[in-house]
Amino acid sequence: MIRIPGTLGRVGLSAILVLMSIGLAAQTGSAPATDLPRAQSSQSVEAAPPAKPHDDSFVIGNDDVLAINVWKEPDVSRSIPVRSDGKISLPLVGEVQATGRTPLKLEQDIAVRLKNYIAEPEVTVIVQQINSQKFNILGFVNRPGSYVINNSATVLDAIAIAGGFRDFAKQKSIYVLRQNADGTETRMPFNYKEVVKGKNINQNIKLQPRDTIVVP
């Protein structure tokens, strides 16, 4: 029989993974005890985990890349994209819903599941790359498509990102389609000619995720 010093929480995740892999060999005692990490002395003093940079406002979306760190557990820690179904998969944790949650809420969800294997899991979730916050621009621009919203982008910024107008673009008849929470759309006009002359500059609104700019 293999004797593991200390409690399961102090052995660490690596010991758990070794036990899972050796299976019956562990029961017969054929696996060397040296394969398991030694528990630290009860007299040793561990440094406290680093402070967590919580974000209570940002909501995670599909395709965002998350850096997930479980303190002192590199087998679980990793960078991972949110799938199109809004979930991520982690060792021992399984599938977890990420889309629609803040990083802080996701930290709590992961920590609860890890408590079956780690005594006091310290989990940090950082949004490493934002891909969910995108806008679309269609019509008579040089590079129509979908773009990430950066630095509070406006309609003018979007037109510049898309490479400007193509010939025959109706610059006075541009509009923005914005999706509302109830599933309806709001159409907001944008007269490029007026805005560049400093008139009605309130038309140059800040873009929101899933806004669609149409240049007829």
Side-chain angles (χ1 to χ4, degrees), residues 52-69 78-90 95-110 124-216:
K52 301 181 192 177
H54 289 158
D55 187 340
D56 295 333
S57 59
F58 180 82
V59 177
I60 298 168
N62 295 358
D63 300 322
D64 287 342
V65 179
L66 307 178
I68 299 174
N69 180 64
R78 62 195 57 203
S79 292
I80 187 170
V82 181
R83 303 196 310 250
S84 59
D85 62 358
K87 297 181 179 180
I88 59 173
S89 295
L90 293 171
E95 292 194 343
V96 185
Q97 181 68 31
T99 294
R101 285 169 165 73
T102 64
L104 176 58
K105 180 62 170 66
L106 184 57
E107 286 175 6
Q108 296 169 347
D109 292 346
I110 294 172
T124 302
V125 175
I126 297 175
V127 182
Q128 199 170 43
Q129 184 175 336
I130 300 174
N131 295 325
S132 61
Q133 307 226 352
K134 295 182 178 180
F135 68 88
N136 304 305
I137 183 165
L138 310 173
F140 282 80
V141 290
N142 286 306
R143 293 192 299 271
S146 181
Y147 296 91
V148 176
I149 299 174
N150 290 320
N151 301 322
S152 300
T154 64
V155 180
L156 277 180
D157 294 326
I159 294 170
I161 292 170
F165 299 115
R166 290 166 50 195
D167 293 341
F168 309 115
K170 297 180 180 178
Q171 300 178 16
K172 296 181 180 181
S173 302
I174 301 167
Y175 57 92
V176 179
L177 294 176
R178 176 162 295 172
Q179 298 184 18
N180 302 318
D182 59 2
T184 61
E185 284 187 336
T186 299
R187 176 168 170 161
M188 294 169 284
F190 178 82
N191 186 325
Y192 176 83
K193 294 289 189 181
E194 289 183 347
V195 173
V196 295
K197 292 178 181 179
K199 300 178 180 179
N200 297 326
I201 58 174
N202 59 326
Q203 298 176 84
N204 190 30
I205 59 174
K206 290 184 179 180
L207 298 176
Q208 295 182 8
R210 299 188 297 173
D211 278 354
T212 298
I213 304 165
V214 181
V215 182

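Here the straight-line distance linking atom CG of L207 with atom CD1 of I213 works out to 4.5 Å at 0.5 Å rounding. In this structure, CG on D211 lies 11.0 Å from CD on Q133, to the nearest 0.5 angstrom. Rounding to the nearest 0.5 angstrom, the gap separating the NZ atom in K199 from the NZ atom in K193 is 12.0 Å. Atoms CG and OG1, on L106 and T124 in that order, are 11.0 Å from each other to the nearest 0.5 Å. The CZ atom of F58 lies 4.5 Å from the OG atom of S132; values are rounded to the nearest 0.5 Å. Taken from CD in Q128 to CD1 in I68, the straight-line distance is 10.5 Å, to the nearest 0.5 Å.
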> Given R143 and I161, is the side-chain contact (heavy atoms from CB on, under 4.5 Å) satisfied, shown in steps?
Replying inline: CA-CA 8 Å; R143 293 192 299 271; I161 292 170; 5.8 Å; no

>> Let's go through Q129 and S79 carefully: what are the C-alpha distance in whole Å and the side-chain angles of both, what is the deciding distance for side-chain contact (heavy atoms from CB on, under 4.5 Å) to 0.1 Å, and is it a yes or a no?
In response: CA-CA 10 Å; Q129 184 175 336; S79 292; over 6 Å; no

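In terms of heavy atoms, N142 sits closest to G163 at ND2-O, 2.7 Å. Scanning all heavy atoms of the two residues, the minimum distance from P81 to I88 falls at O-CG2, 3.8 Å. Minimum interatomic distance between Y147 and A162 (heavy atoms only, all atoms of both residues): OH-CA, 4.1 Å. Between V127 and P103 the shortest heavy-atom distance is CG2-CG, 3.9 Å. The two atoms that bring F135 and I149 nearest to each other are CD2-CG1, 3.7 Å, heavy atoms only. Of all heavy-atom pairs spanning P189 and Q203, the tightest one is O-OE1, 3.7 Å.
Using modelled atom types, no side-chain atom of E194 and backbone atom of N191 make a donor-acceptor pair closer than 3.5 Å. Side chain of N204 to main chain of L156: a donor-acceptor pair is present (N/O by atom type, distance under 3.5 Å, no hydrogens or angles). Checking side-chain atoms of R101 against main-chain N and O of I60 turns up no donor-acceptor pair under 3.5 Å. At least one donor-acceptor pair under 3.5 Å links the side chain of E107 to the backbone N or O of V125. D64 places a side-chain N or O within 3.5 Å of a backbone atom of N131 that can act as its donor or acceptor partner.
A 4.5 Å side-chain heavy-atom check between V155 and V195 finds every atom pair outside the cut-off. Contact of the N136 side chain with the S146 side chain is registered, since non-hydrogen atoms from C-beta on lie closer than 4.5 Å.
Heavy-atom contacts from other residues, nucleotides or ligands closer than 6.0 Å to CZ of R178 number more than 12. Atom OH of Y192 has 12 or fewer heavy atoms from other residues, nucleotides or ligands within 6.0 Å.
A side-chain donor from one of N62 and T99 sits under 3.5 Å from a side-chain acceptor of the other.
The pair K87-D85 fails the salt-bridge criterion, with no side-chain N (NZ, NE, NH1 or NH2) lying under 4.0 Å from an Asp/Glu carboxylate O.
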